Amino acid sequence: MEIKVDIQKCTGCRICKNVCMYDAIEIVGKKAVINENCVFCSACIESCNYDAIEISGLIASEKDFSDYSGVCVYLETYADKIIDVGFELLSSGRLLADNLGVYLSAVLICREEPKNLNKVFNYGLDKLYLVKSHIFENNLDDIFAKALVQVINKYKPEIFLAGATMFGRTLIPKVAAIIKTGLTADCTALSIDTGKKILLQTRPTFGGNILATIITKNSRPQMATVRPHVMEIKISNNIDDKNGGKNYSSEDYKSKIEYIKLDESKFKTKYKLINIEKETEEKINLNDYDAVVSGGRGLGSGEKFAMVKELAGLLGGVVGASRAAVDSNWISYPHQVGQTGKTVNPKLYIAIGISGAIQHLAGMQTADIIIAINKDPNAPIFKVANYGIVGDIFDIVPKLINRIKSGKTLI
Amino acid sequence: MIEKIRIIVCIKQVPAVMEIKINPETNTLIREGIENIINPFDTYAIEEGVRLKARLIALKDNSFDVEVIAISMGPPQSVEILREAISLGIDSGVLVSDRAFAGSDTWATAYTLSKAIKKIEGWKIIILGKQTLDGDTGQVGPELAHILNIPFIGYASKITEISRNKMVIKRLMEDRYETFEVRLPAAISVGKDINIPGIPSLRGKMKSRSAEIPVWGNEYLGMEAKECGLNGSYTQVIKIFTPEHKHETLMLSGTPDEQVSEIYSKLKELNLI
Ligand SMILES: Cc1cc2nc3c(=O)[nH]c(=O)nc-3n(C[C@H](O)[C@H](O)[C@H](O)COP(=O)(O)OP(=O)(O)OC[C@H]3O[C@@H](n4cnc5c(N)ncnc54)[C@H](O)[C@@H]3O)c2cc1C
């Protein structure tokens, strides 16, 4: 296996050298030369205007995947409810399945049937594999993985999707490793190459500055975890029911549910869960709210976070923070947004006194609407903001709070 | 005989990019200020390895001895981060490097690392960063633990108990802390809430300069060509591009009261108030 530059075609234009993130290209005598730092990420191949770079010597696979068919999604539950990303996956799974002309199925592993179970049928689901047992009381990845593997090996979907939640991102790699197939992490776009009938999995890397499209070459299913809050939830028009997609009784769908039996004695966990501490009065699940209001260095002290909290409260949102604020101990780490904190994707993100270092932007730039308030007109946060206010946060924010509280026009 | 307990810290060299710009004419990337560094989360893994060793030694159990080893798979220049790890208190380093390993996805990386770790006697605790700056998948830890058939606890934020055969780990999930007990050997991944990394000591720096760092290639690990590198990978990156930014910033002018009014009406439009 080799990556090579065709020196007949190469003009030494340096574009490939500029795009390479790994210092793997040198220009020697007006020709590009690829060195040992190369990770085969293909950025240079893509960038070359002369088709001069090529990977060769890949061992061809002659595997036959014709017995794999359909799209299957994993419905993660928490506190006896299917979490939202499940409905997002069903919606995007339906589109992929339609594109391929195949079935959409889903797997649910639970201790009790979730309260919102019937909702899953609003998205054009053809089959639900339901695994129910008391052993699934807590999210322990080893026994969940075993159950998922059992379902996947039996029904052989060609595509398998799960939410890129914290649990999903530890569970699904385990499943992929057991099945011995590829896994693409934290995707934000999925589509089908209709010619080759394969899944194109696109995901942000390098802190969201670059998107990479990844394929699963020679194994099945093609597995991906998908970033929550990215895929649009879409009620399916394939609904074969008269009630307009709502309030079905489970009777209507009995035929679509397949109960999976397992031999519980074979499901031994390696973990001993000794304690769970839920979020108390402080909200820390930044991805659960439509609005994230974040404070940064500009606040100057921990006490000043009070106004950030107040604004977040009025908007029904949650408090975020920049790394600078967390490192200064003004607020705890679970609130940190950015490369070394959390990635959030809310409807609204308000940045208060945050300059917007590239590492912070990595964690929030996909928010639908970004409002930034900062006294420095050159702060990089304004580059990603939809609305910017150059001003004194200690003037603007209290005014905004009062404005919302009074709920009346000032002018 | 004295048992040797080995703590393995997995570290990866990554490019840290200070800024990425787009050339508007060619629509290609211009990256500025690339520096090869230890993956930021791996510096916490290094520190935790050093601390766990100290905690195990503090048990004053004469039947075992502890060593903490950093291991990195990557191009030859990755030797630099192994030296840095030694300056930070790691006892020794191993570089897993071979042209045949290039292009590894997370599976091939985990598989190759597992082959290397199995060459090290007495490994009991494996510490990884929770994810990297570049690939950013966080998949290597769970895949590696599966191959080694040991439990994996991701996002560890505190090791509350450690002994020669078990560990109690507290971890932070989206909205809750979970505490687990696992028997060793086990693997964990760590984020920045677990510790505050130290700085290189003078002794460490001296040691790191003279340290012998063995390079393990495929001749030593003995994998088949179809098992390693891009050939041994199930996934392949086929395209890299920059996101479209079709976005404009509206700077709100006027007095603070007017600016606030405008924001207020936007919030109303969004149905947030
Ligand atoms: C743009 C891009 C996108 C990619 N997307 C995917 C993808 O979706 N799926 C996929 O399977 N592969 C993907 N890869 C390949 C992947 O980045 C490499 O396999 C890489 O070697 C390990 O994955 P990671 O960087 O995601 O590590 P992570 O799993 O995020 O790393 C977690 C921890 O594992 C340890 N670790 C990781 N790599 C090494 C190493 N080489 N040596 C020692 N310790 C290590 C470190 O402790 C690290 O903190 C991608 C690569 C690129 C360039």
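Order of the sequence lines fixes the chain letters, A, B, ..., with proteins taken first and strands second; residue numbering starts at 1 for each chain. Here the structure is a predicted model, which means the values were calculated and not measured.
B:Phe241 touches chain A through backbone and side chain together, each having a heavy atom under 4.5 Å away. Using a 4.5 Å cut-off between heavy atoms, A:Ile371 touches chain B through its side chain atoms alone. With a 4.5 angstrom heavy-atom cutoff, A:Leu200 touches chain B only via side-chain atoms. Both the backbone and the side chain of B:Leu252 come within contact range of chain A, each with at least one heavy atom under 4.5 Å from a heavy atom of that chain. Within the 4.5 angstrom heavy-atom criterion, atoms from both the backbone and the side chain of B:Phe152 approach chain A. A:Leu314 touches chain B through its backbone: at least one of N, CA, C or O sits under 4.5 Å from a heavy atom, while the side chain does not. Heavy-atom distances place no part of A:Gln222 under 4.5 Å from chain B, backbone and side chain included. At a 4.5 Å heavy-atom cutoff, the contact between A:Asn218 and chain B is made by backbone and side-chain atoms alike. Residue contact with chain A, scored on non-hydrogen atoms closer than 4.5 Å, is absent for B:Ala186. Contacts of A:Lys180 with chain B are made by both backbone and side-chain atoms, with heavy-atom separations under 4.5 Å. With a threshold of 4.5 angstrom between heavy atoms, A:Val390 approaches chain B through its backbone and through its side chain. For A:Thr216, the parts sitting under 4.5 Å from any heavy atom of chain B are the backbone and the side chain alike. Of the atoms belonging to B:Ile150, it is backbone heavy atoms, and not side-chain ones, that fall under 4.5 Å from chain A. Contact annotation for A:Tyr387: both backbone and side-chain heavy atoms come within less than 4.5 Å of a heavy atom of chain B. Only the side chain of A:Leu140 comes within contact range of chain B, with heavy atoms under 4.5 Å apart.
With contacts defined as side-chain heavy-atom distances shorter than 4.5 Å, the pair A:Phe382/B:Met251 qualifies. No side-chain heavy atom of A:Tyr271 sits less than 4.5 Å from a side-chain heavy atom of B:Glu178. Within the 4.5 Å cutoff, no side-chain heavy atoms of B:Thr106 are placed close to those of A:Leu183. You'll find the side chain of A:Arg203 reaches within 4.5 Å of the side chain of B:Asp136, heavy atoms only. Here the side chains of B:Arg171 and A:Met166 are not in contact, with every heavy-atom distance at 4.5 Å or above. For the pair A:Lys399 and B:Ser261, the minimum side-chain heavy-atom distance is 4.5 Å or more. Looking at A:Asp186 and B:Thr137, their side chains never come closer than 4.5 Å, going by heavy atoms from C-beta outward. Under the 4.5 Å side-chain criterion, counting only non-hydrogen atoms from C-beta, A:Lys270 is in contact with B:Asn149.
Counting heavy-atom pairs under 4.5 Å between each of A:Ala185, A:Ser332, A:Ala176, A:Ala177 and chain B puts A:Ala177 at the top. For chain B, the option among A:Ile214, A:Asp141, A:Asp392, A:Ile55 with the highest count of heavy-atom pairs below 4.5 Å is A:Ile214. In terms of non-hydrogen atom pairs under 4.5 Å with chain B, the most contact-rich of A:Gly316, A:Pro334, A:Ala291 is A:Pro334.
Remark: side-chain polar atoms of B:Thr179 are not paired, donor with acceptor, to backbone N or O of A:Ile274 under 3.5 angstrom. Proximity of a side-chain donor or acceptor of B:Gln259 to a complementary backbone N or O of A:Ile396 within less than 3.5 Å is not detected. At least one donor-acceptor pair under 3.5 Å links the side chain of A:Lys217 to the backbone N or O of B:Ser233.
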Check against side chain to side chain contact (heavy atoms under 4.5 Å, CB included), A:Asp288 and B:Asp175: CA-CA 9 Å; A:Asp288 242 11; B:Asp175 65 342; 5.7 Å; no
Working for side chain to side chain contact (heavy atoms under 4.5 Å, CB included), residues A:Glu46 and B:Ile240: CA-CA 7 Å; A:Glu46 189 70 25; B:Ile240 288 218; 5.5 Å; no
B:Lys192 vs A:Asp327, side chain to side chain contact (heavy atoms under 4.5 Å, CB included): CA-CA, chis, key distance, verdict: CA-CA 10 Å; B:Lys192 64 172 265 188; A:Asp327 286 356; 3.0 Å; yes
Verdict with reasoning, B:Gln77 to A:Tyr22, per side chain to side chain contact (heavy atoms under 4.5 Å, CB included): CA-CA 11 Å; B:Gln77 62 171 11; A:Tyr22 294 92; over 6 Å; no
